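Here's the structure, in structure tokens; my notes come after.
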Amino acid sequence: MTSPSPAAPEGWQRLDPRTLGTQPFSIAVRAAIPALAGVIGFGQAIGFGYAIPIMLVGVVVAGAIPWATTTYRVTPTHLEIRRGLLNRQTVTARLDRVRSVDLEADVFHRVLGVTKVSVGTGVDEGGLSLDSLGVQAAERLRAALLHGEHDVSPAPQGSAGYVPPPPAPPAIVGLDWSWVRFAPLNIANLAVVLGAIGALASQFDTLFEGERIEAAWHWLRDTDIPLVLALVVVGGLVLWVPVACVGYLVRWFGLSVTREQGKEGPTLRRVYGLLTQRATTIEEAKIRGTVVRRRALVGLAGGAELCVLTIGLERNETHLLPSAPRAVVDATAADVLGEAAAVTAPTVPHGWNARRRAHLRNLRAVLYGTTGAAIAAWRLDAVTGWLPLGVLVIGLPIAFVLAELRYHRLGHALTERYLISGTGTTTAARTALELDGIIGWRIHQSLFDRRLGLAQLTATTAAGSERVVVPDVPLDEAIALVGRATPAMAAEFLQ
Amino acid sequence: MTQRPLALREPARRVSVRAPAYWRVQAAVGAAVAWALAAVAVVVAVAATHGWWTPLLWIAAAVLVLAPIAALTVVPAIRFRVHRWEVTEIAVHVRYGWISRTDEIVPLSRVQTVDSTVGPLMRAFGLRTVTVQTASSHGTVAIACLDDAVATEVVAHLVAVTSASAGDAT
């Protein structure tokens, strides 16, 4: 049994008592649907007057278990966490293996002034987390784990022993309100929202009875279709723009990226969120590169987003910046990479054959579409004979533009420390991978590649999606690139 | 030296001389299945009521009969010519593919595990595959179909070199 005092003899500490207040809410949110089902089922059996109080007591008791059973301490070499009600478990992590300490506080946590602490050690499973600590205790624990300050004893009561926190280091970048203009342009988020609406609507399927759909269809047929379409589009925009802006602000409010000095070198710290506040720390030594993405409309409006490629974290592609002006993204990327050339260096285009391939591939798609439409027009009376012609006339310019886009975004470059790969059709992506982070090469040529003298060059890595592809690159350039990027590894195989 | 275009040298060593026979037997197993399916297609095409599907069945049968022939005849020889490997003090280099062509290079300092595997059919031919894994899920390199003795030698060499290198190989 653990002693009830907040700091047990050997330095074991409990979670913050305020956890008792947050846990029931987290449980309620996590288990809302089974809990509701349980209450309704129980309620019908024994009456709601009993079921609801029993449920509430159950949730509160379940919420008290983590607080009652979890203790932790930081020794000079290890972080130890003891937890579990029936299965007592002691989890130990060596301090020099700690790679990240993330703080996360949702609305309930923030109201009560506590935060969840997750400690990453580079092992994929069995993450260490403490839910939850007081904000100050969490900060002290973070400092102890990342900066080697071994004083995590609770601060003495009263103001005498209070040490003011060190002045905040200068921010590399912070959220600017004007960035919100990019939010409505992020169409991918629209798809997410529409999906959510669809899922919600399917819950009310009584609305979609056959008769009503038929009635709606008749109404639609009798009205002016272009007018209805225009109204739907305008109405959608009027709804979407504020939803997107609010969503962006709620998620990224107060974003700031700062550089701190950790015990094993500099770290990046990213804090953001209006309701759920997250603070993530990444050791810079674990960063192997960046990806700058210009999504279709955001890119047209001069925006981009930035991800860092890391190794040994739970998620190895971390959003450092959401949609933001390109200049800000580029400056931040250059700062993180420590090399301006990696962001600005022009990429080498992949030549005539790569361009030809992009065009032929798209033309083939148009041809298939036209053939399909022709067959449909021939076999089905309902389809007009103009359809194949329409597909061809509309498809050809789109195919041309997309192929040109793909070709112009395709390219590679080699700077002093980074391999750069440019890819993408509607979304342009520029990936910079540290040469030290390359742990292997693959040069693949299909039969068609060999006829065009092209190759698919892959640099494998432990960071991000674990590979960086340089597609459709002329074979001799691919080989030269391998030789120049990793001379030690490749020299003996070149001739 | 950087003036003329660089080329990737052919890796020095071939796979086992018994590999083509192994590939051929493997292809024969596949061919037996394909031909059995072709026979079923022919029987159905002849016996069942005829319709628009009858010519499709004949085409399917023809494809199933013809498809395995390449793998039974010329492919093993081509693969034996193309498949090559080399392990130096610094890196592993393998080349494979008979229509497509793939070169893979992994530096030994980044190797995390070295496995050798042998299936029942491979055992009958005295063959063994050595697999080298890195910290990238896309960075696994297999040196397929080596003689048992050679494979053991390669594994010993790889283990010796990789255990000597420092760092966490990421």
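Labels below follow one simple rule: chain letters A, B, ... track the order of the sequence lines, proteins then strands, and each chain is numbered from 1. Keep in mind the model is a prediction, meaning the values are calculated, not measured.
Salt bridge annotation for B:E86-B:R9: present, with a cationic side-chain nitrogen under 4.0 angstrom from a carboxylate oxygen. Taking the charged nitrogens against the carboxylate oxygens, A:E284 and A:R259 do have a contact shorter than 4.0 Å, which makes a salt bridge. Between B:R18 and B:D147, at least one side-chain N (NZ, or NE/NH1/NH2) sits under 4.0 Å from a carboxylate O, which counts as a salt bridge.
For a residue to count as touching a neighbouring chain, one of its non-hydrogen atoms must lie under 4.5 Å from one of that chain's; by this rule A:A463 does not touch chain B. Within the 4.5 angstrom heavy-atom criterion, atoms from both the backbone and the side chain of A:R467 approach chain B. Only the backbone of A:S465 comes within contact range of chain B, with heavy atoms under 4.5 Å apart. A:I438 touches chain B through its backbone: at least one of N, CA, C or O sits under 4.5 Å from a heavy atom, while the side chain does not.
Here B:I99 is the residue among B:V94, B:I99, B:V106 with the most heavy-atom pairs under 4.5 Å with chain A.
Between B:H83 and B:W23, the ring center distance clears the sub-6.0 Å criterion.
For the pair B:Q112/B:V132, no side-chain contact is recorded, criterion being any heavy-atom separation below 4.5 Å from C-beta on.
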